[in-house]
Amino acid sequence: MSLLKLNRMQVASWNVNSVRTRLTHVTDWLQANPDVDVLCLQETKVVDADFPRAAFEGLDYHTYIYGQKAYNGVALLSKPPLEDVRMGFSAILEEEAVGDLDEQKRVISGVLNGVRILNLYVPNGSSIGSEKYDYKMSWLALLKQYLMKTLEETTKLNVCGDFNIAIENKDIYTDEKRDKHIMSSPLERETLQDLLTVGLSDAFRKFTDEGGHLSWCDYRAASFRRNMGWRIDHHYLTPELYKQAKRCWIDIEPRKLEKPSDHTPVIVEY
DNA sequence: ATGGCCTGTTACACAGGA
């Protein structure tokens with residue numbers, strides 16, 4: 001690896017909706033995107049013992065996994081080994097504060113070249129006012145504590161993943177008011193905006209103000225064919241990294257494949 | 001005319017996603 005390569009990093013985030021079902025999509029994508037240093041996966045949907053490690057290790061990726069049965073699950077795939085890998089909120093927060101919010105496996109992070117890469121699978125929330133919606137809000141409140149604590153020790157933080165929140169109307173295919181929809185309710189948006197006040201900025205919006213960019217499309221209603229998507233997968237950067245950022249883009253190609261994930265990769269380079 | 005899914009489970013419908 002050249003020094004030049006060390007100076008530039010690419011980090012990708014992809015909700016694969018089952019790593020086993022999507023295995024060839026992910027390995028093909030890694031091989032087609034050799035400049036990606038770290039791939040952050042969400043919704044792996046598999047216990048650690050059954051995670052298809054060998055497929056990635058065969059391509060010379062280190063695998064760091066934090067999974068559970070059937071639901072959720074996050075993983076980091078990295079060409080160079082990562083340092084100080086942490087799983088769950090309780091890695092740095094008091095158990096009393098975390099409560100049962102680590103039962104669902106949604107948080108994993110590691111350090112590469114002095115940058116902490118935090119991979120998140122934010123709860124979906126189901127529908128406004130539901131029990132799952134309350135869980136989403138509690139989870140996001142704890143995430144804020146987690147971010148503040150993390151920022152006590154590093155100025156280089158890349159928080160990425162499936163946030164299950166579209167922060168602006170232009171991040172949704174329609175201009176229709178979405179106040180009553182999960183992922184775009186005012187409370188969700190305000191909560192995410194408030195989270196970012198810890199000192200994080202949307203890498204994607206450094207490079208374009210355009211609407212019409214989607215990272216997720218519903219499987220139903222031929223949404224992808226009709227370009228009816230949402231931008232809900234994000235890379236948030238601390239000021240030092242944000243200043244360094246060279247590109248941030250969404251790779252729509254995997255969404256076109258047979259039996260695709262409903263999400264598609266988002267990549268940032270800095 | 002226009003659309004009605006996908007995944008994992010101990011399944012043969014359901015929960016959960018978004």
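Each chain gets a letter, A, B and so on, in the order the sequences are listed, and its residues count up from 1.
For the OP1/OP2 pair of B/dT7 and a distance below 4.0 Å, the side-chain nitrogens and oxygens of A/R20 include no atom meeting the criterion. Remark: A/S18 is not in phosphate contact with B/dC6, judged by side-chain N or O atoms under 4.0 Å from OP1 or OP2.
Between A/K149 and A/E152 there is no salt bridge, since no side-chain nitrogen of the basic residue lies less than 4.0 Å from a carboxylate oxygen of the acidic one. The residues A/R178 and A/D171 are annotated as not salt-bridged, no charged nitrogen and carboxylate oxygen being separated by less than 4.0 angstrom. A salt bridge does not link A/R8 with A/D35: none of the charged nitrogens is closer than 4.0 Å to a carboxylate oxygen. A salt bridge links A/D202 with A/R231: the closest approach of a Lys/Arg side-chain nitrogen to an acidic carboxylate oxygen falls below 4.0 angstrom.
With sequence neighbours excluded, no residue forms a side chain to side chain donor-acceptor pair (under 3.5 Å) with A/R22. Partners of A/Y270 by side chain to side chain donor-acceptor pair (under 3.5 Å), not counting sequence neighbours, listed by chain and number: A/N158. Scored by the side chain to side chain donor-acceptor pair (under 3.5 Å) test, A/K144 finds A/D194 as partners (sequence neighbours excluded).
Of the two residues contacting DNA chain B, namely A/V19 and A/R226, the nearest-nucleotide position lying further toward the 5' end is that of A/R226.
Using atom P as the reference point in both B/dG8 and B/dG4, the two lie 22 Å apart (nearest Å). Comparing B/dC5 with B/dT10, their P atoms are spaced 24 Å from each other, to the whole Å. Rounded to whole Å, the separation between the P atoms of B/dA18 and B/dC6 comes to 15 Å.
With hydrogens and angles ignored, the 3.5 Å screen pairs no side-chain donor or acceptor of A/S185 with any backbone N or O of A/I182.
In this structure, of B/dG3, B/dT10, B/dG8, it is B/dG3 that holds the atom nearest to the side chain of A/R225.
The residue A/A70 sits close only to the backbone: its heavy atoms come under 4.0 Å of sugar-phosphate atoms, none of a base.
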Check the interface with nucleotides 11-13 of chain B: list each N/O to N/O pair with the protein under 3.5 Å, or write none.
none

Might you list the N or O atoms of the protein lying below 3.5 Å from N or O atoms in nucleotides 14-18 of chain B, with each pair's distance?
| residue | atom | partner | partner atom | Å |
| --- | --- | --- | --- | --- |
| B/dG16 | OP2 | A/K132 | NZ | 3.2 |
| B/dG17 | O3' | A/E43 | OE1 | 3.4 |
| B/dA18 | OP1 | A/N15 | ND2 | 3.2 |
| B/dA18 | OP1 | A/E43 | OE1 | 2.6 |
| B/dA18 | OP1 | A/D162 | OD2 | 3.3 |
| B/dA18 | OP1 | A/H263 | NE2 | 3.3 |
| B/dA18 | OP2 | A/Y121 | OH | 2.7 |
| B/dA18 | OP2 | A/N164 | ND2 | 2.9 |
| B/dA18 | O5' | A/N164 | OD1 | 3.4 |
| B/dA18 | N9 | A/N124 | ND2 | 3.2 |
| B/dA18 | N7 | A/N124 | OD1 | 2.8 |
| B/dA18 | N7 | A/N124 | ND2 | 3.4 |
| B/dA18 | N3 | A/R220 | NH2 | 3.4 |

Atom pairs and distances, donor-acceptor, side-chain atoms in residues 236-245 of chain A, under 3.5 Å, two or more places apart:
| residue | atom | partner | partner atom | Å |
| --- | --- | --- | --- | --- |
| A/T238 | OG1 | A/T155 | O | 2.7 |
| A/T238 | OG1 | A/L157 | N | 3.0 |
| A/E240 | OE1 | A/T155 | OG1 | 3.0 |

